Amino acid sequence: MSDEPEIQEPSPDGGLADHPLTAQRLAKHETTLAGEGYPYRFDRTKYAGDLHEAYGSLEPGTETEDRAAVAGRLMAMRRMGKLIFAVLQDTTGRIQLFVDKRTLGDDAFAAFDDLGIGDWVGASGVVITTKKGEVSVRINDFELLSRALRPLPDKWHGLQDTEMRSRRRYVDLMVNDDARRTAMMRARIVSELRRQFEARGYIEVETPVLLNQATGALAKPFQTHHNALEQDMYLRIATELYLKRLVVGGLERVFEIGRIFRNEGVDSTHNPEFTMLESYEAFADYNDIMDMVEEMIRACAIVATGSTEITYQDRTLDLGKPFRRVRMVDLVAQATGEEMDFDRPLDEMRALAEKHGIDVDGTWGHGKIIDQLFEELVADEIWEPTYVLDHPKEISPLAREHRDDPNLTERYELFIAGSEYANAFSELNDPLDQRLRFEQQAAARAEGDDEAHPIDEDYILALEYGLPPTGGLGIGVDRLVMLLTDQHHIREVILFPTLRPEA
RNA sequence: GGGCCUGUAGCUCAAUAGGCAGAGCAGCGGACUUUUAAUCCGAAGGUCGUGGGUUCGAUUCCCACCGGGCCCA
């Protein structure tokens, strides 16, 4: 023996034999493997949901002659001696199995009795309703399809621990109806968004995630390294500039629903990777995009909840009536009681901001100060859907100058219940102006503003070939799903949120 | 980054002025042919997040670390 610390050999069963609860299940599993093994397929004829829909209105104590083969995870076993009530859960819901020793025979009944909660089971029989009226399948045959070697959480309380619910989402999905419902609703919402764009003649495209330079937004990127090319690369922080290159190329209506990566903090509305929807439409301006977003959000609400009137954070929210449209400068003027005039001396603007508790940076101009006042005084207070219009040019380096006001841009953000859901503009399509804006950003960056956009020369090159007038849009998909599913933390709508390694 | 809270059986939760750690569910043995959080009887099940410290004795007090939550920046 040496003094070296003993190396822990990983046990071949992953530690299952070390705990009585799993050792029993492991032993049964090994017996099955040594014997007839597990089936490779099962012919299901009915989902749980089908049976409840078709037979839910039958009188208690009805016996049909209709055969059904169901399959799912065994979620409950109520043993009554020579009778077992078992509950199978499939993707549509739950169905009770009526397991009668006389129907099934002694051996098969004993085998069913030996099943454990969590096992995957396929069973067939006739549809009946019990004395209490529960739609059930009285089985005369069943197969153990796969065994759960680990026990399920508490049947009544489910899995509560927030961390475990995220780490072992599969368990969360098994036992918590709300987790399943949210995942299903997210799928429906994303599907509806696609349908909406396709109905408008958009095509779905995929632009690169791995880039030499992360541009198109104000955010810190994740850095990685390409070994063969011997160069550092970045994960995208937006899809914007690539999608507009495609419009330059003549793909006049494009959208992308894609994963975006931002190397920033984690909180109730931020995950390092999240899903962004961006779209660009040639010949449209931001007014057209406002109309479109309103229709799409209503469509998604109906798909998710059946109504445009939803409940969010215990308050009702009417997405059905026209969204309010109001300029950012007017909202700030109203909140401060002072007119937002770009000709006003900058010192007065700074003093106003400081009066409202804002820590003013020396690099800020009128536009940035107005934006900060908006964030500080107005944004949280907005409940009803509101398009906040015409952001200052200083904070909108990719948006086109407003046709009526050179200090502003044709841009809007959609605010609902204090949060931002969409950001859109009439796209800046003049390469000369775009270069100027990038240079202003570069100057701000040089003065210490680490939230300034980097310059993207190749994008300017693309603009030099001509971008038509274009209306663009970005929607945070995770947040939209949160809104429509009444979830208040982004981890509840992301199946596998970013976590530290387990302790 | 700061403040507060938190980690106990597979799960959901208790308890301890510092002295053998407790329940429900799940699991195991038994009874039961209409249950649906079934019921009843019985026997089990713990590295109290990890590592230090104080102490005769630490799950409990102190320190550090790890994971998680909420609020603030």
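Because the structure is a prediction, the values reported are computed rather than measured. In what follows, chains carry the letters A, B, and so on, assigned in the order in which the sequence lines appear, proteins first and then strands, with residues in each chain numbered from 1.
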Query raised in the report: Under 6.0 Å from the CG atom of Asp114(A), do we count more than 12 heavy atoms belonging to anything else shown?
Result: yes

**Report entry** Atom P, compared across U60(B) and A17(B): separation rounded to whole Å
**Finding:** 14 Å

Query raised in the report: If you pin Asp100(A) and Pro153(A) to their nearest nucleotides in RNA chain B, which one's is more 5'?
Result: Pro153(A)

Query - Among G27(B), U33(B), G10(B), the one nearest Pro151(A) by side-chain distance - result: G10(B)

Query raised in the report: Does a side-chain N or O from Arg491(A) land closer than 4.0 Å to OP1 or OP2 of G69(B), or not?
Result: yes

Report task. Go ahead and name the base partner of U36(B); Watson-Crick or wobble counts if both distances stay under 3.5 Å, otherwise write none. Result -> none

Query - For atom CG of Asp113(A) and atom C1' of G29(B), their distance in whole Å - result: 12 Å

Requested in this report: If the plane angle is over 60° it's perpendicular, under 30° parallel, otherwise tilted; pick one for Phe112(A) and Phe142(A).
Outcome: perpendicular

Report summary line: Between Asp359(A) and Trp364(A), the two heavy atoms sitting closest are O-CH2, 3.6 Å

Query - Listed nucleotide nearest any side-chain atom of Met80(A), set G10(B), U34(B), U36(B) - result: U34(B)

Query - Nucleotide nearest Gln96(A) (side chain, heavy atoms from C-beta), chosen from U36(B), U33(B), G27(B) - result: U36(B)

Query - Touch class at under 4.0 angstrom, heavy-atom based, for His488(A) against every strand present - result: nothing

**Report entry** Touch class at under 4.0 angstrom, heavy-atom based, for Gly158(A) against every strand present
**Finding:** sugar-phosphate

Query - Spacing between Arg138(A) atom CZ and U36(B) atom C1', to the nearest angstrom - result: 18 Å

Requested in this report: Could you tell me the separation between the CD atom of Glu134(A) and the P atom of U34(B), rounded to a whole number of Å?
Outcome: 16 Å

Query raised in the report: Is Asp154(A) side chain donor-acceptor paired with the G10(B) base, going by distance under 3.5 Å alone?
Result: no

Report task. May I ask you to check whether Phe415(A) and Phe374(A) place their ring centres under 6.0 Å from each other? Result -> yes

Report summary line: Taken to the nearest 0.5 Å, the spacing of Asp486(A) CG from His488(A) NE2 works out to 3.5 Å

Query raised in the report: For Arg79(A), does the CZ atom sit with more than 12 other heavy atoms under 6.0 Å from it, leaving out its own atoms?
Result: yes

Report task. Determine the interatomic distance between P on C71(B) and the same-named atom on C25(B); round to the nearest Å. Result -> 35 Å

Query raised in the report: Under the rule syn = chi within 90° of 0, otherwise anti, which is A38(B)?
Result: anti

Report summary line: Rounded to whole Å, CD of Glu163(A) lies from P of C5(B) at a distance of 20 Å

Report task. Name the pairing partner of C4(B), where a pair is Watson-Crick or G-U wobble with both distances under 3.5 Å, or state none. Result -> G69(B)

Query - Whole-Å P distance, G22(B) and A37(B) - result: 31 Å

**Report entry** Rounded interatomic separation in angstrom, taking NE2 from His19(A) and C1' from G46(B)
**Finding:** 9 Å

**Report entry** Arg500(A) CZ - U6(B) C1' separation (whole Å)
**Finding:** 15 Å

Query raised in the report: Quick one: does Arg78(A) reach the base of U39(B) with a side-chain donor-acceptor pair under 3.5 Å?
Result: no

Query raised in the report: Considering only the P atoms, how many Å lie between G42(B) and C5(B), rounded to the nearest integer?
Result: 42 Å

Report task. For the side chain of Gln24(A), starting at C-beta, report the closest nucleotide among A26(B), G27(B), U33(B). Result -> G27(B)

**Report entry** Strand partner of A23(B), provided both Watson-Crick or wobble distances fall under 3.5 Å
**Finding:** U12(B)

Query - Among C28(B), U34(B), A26(B), the one nearest Phe85(A) by side-chain distance - result: U34(B)

Query raised in the report: Atom CG of Leu74(A) to atom C1' of A26(B): distance rounded to whole Å?
Result: 13 Å

Report summary line: As its Watson-Crick or G-U partner within any shown strand, both distances under 3.5 Å, G45(B) has none

Requested in this report: Please state the C1' separation for the pair G51(B) and A38(B) - nearest whole angstrom.
Outcome: 47 Å

**Report entry** Most 5' of Lys28(A) and Leu499(A) on RNA chain B, judged by nearest nucleotide
**Finding:** Lys28(A)

Report task. Could you check which of U36(B), A26(B), C28(B) has an atom nearest any side-chain atom of Lys155(A)? Result -> A26(B)

Requested in this report: Nearest whole angstrom, please: distance from the P of G46(B) to the CG of Asp18(A).
Outcome: 12 Å

Query raised in the report: Contact class for Leu159(A) vs. all strands (heavy atom < 4.0 Å): base, sugar-phosphate, or nothing?
Result: sugar-phosphate

Query raised in the report: What distance, rounded to whole Å, do you find between the two P atoms, one in G27(B) and one in C61(B)?
Result: 36 Å

Query raised in the report: Does a sphere of radius 6.0 Å around CZ in Arg259(A) hold more than 12 heavy atoms from other residues, nucleotides or ligands, not counting ones at 6.0 Å or beyond?
Result: no

Query raised in the report: Taking side chain as C-beta onward, heavy atoms only, is Val360(A) less than 4.5 Å from Lys368(A)?
Result: no

Query raised in the report: When rounded to the nearest Å, what value does the distance between P atoms of G46(B) and G3(B) take?
Result: 38 Å

Query raised in the report: Say you pick atom C1' in C48(B) and the same atom in A14(B); how far apart are they, in whole Å?
Result: 13 Å

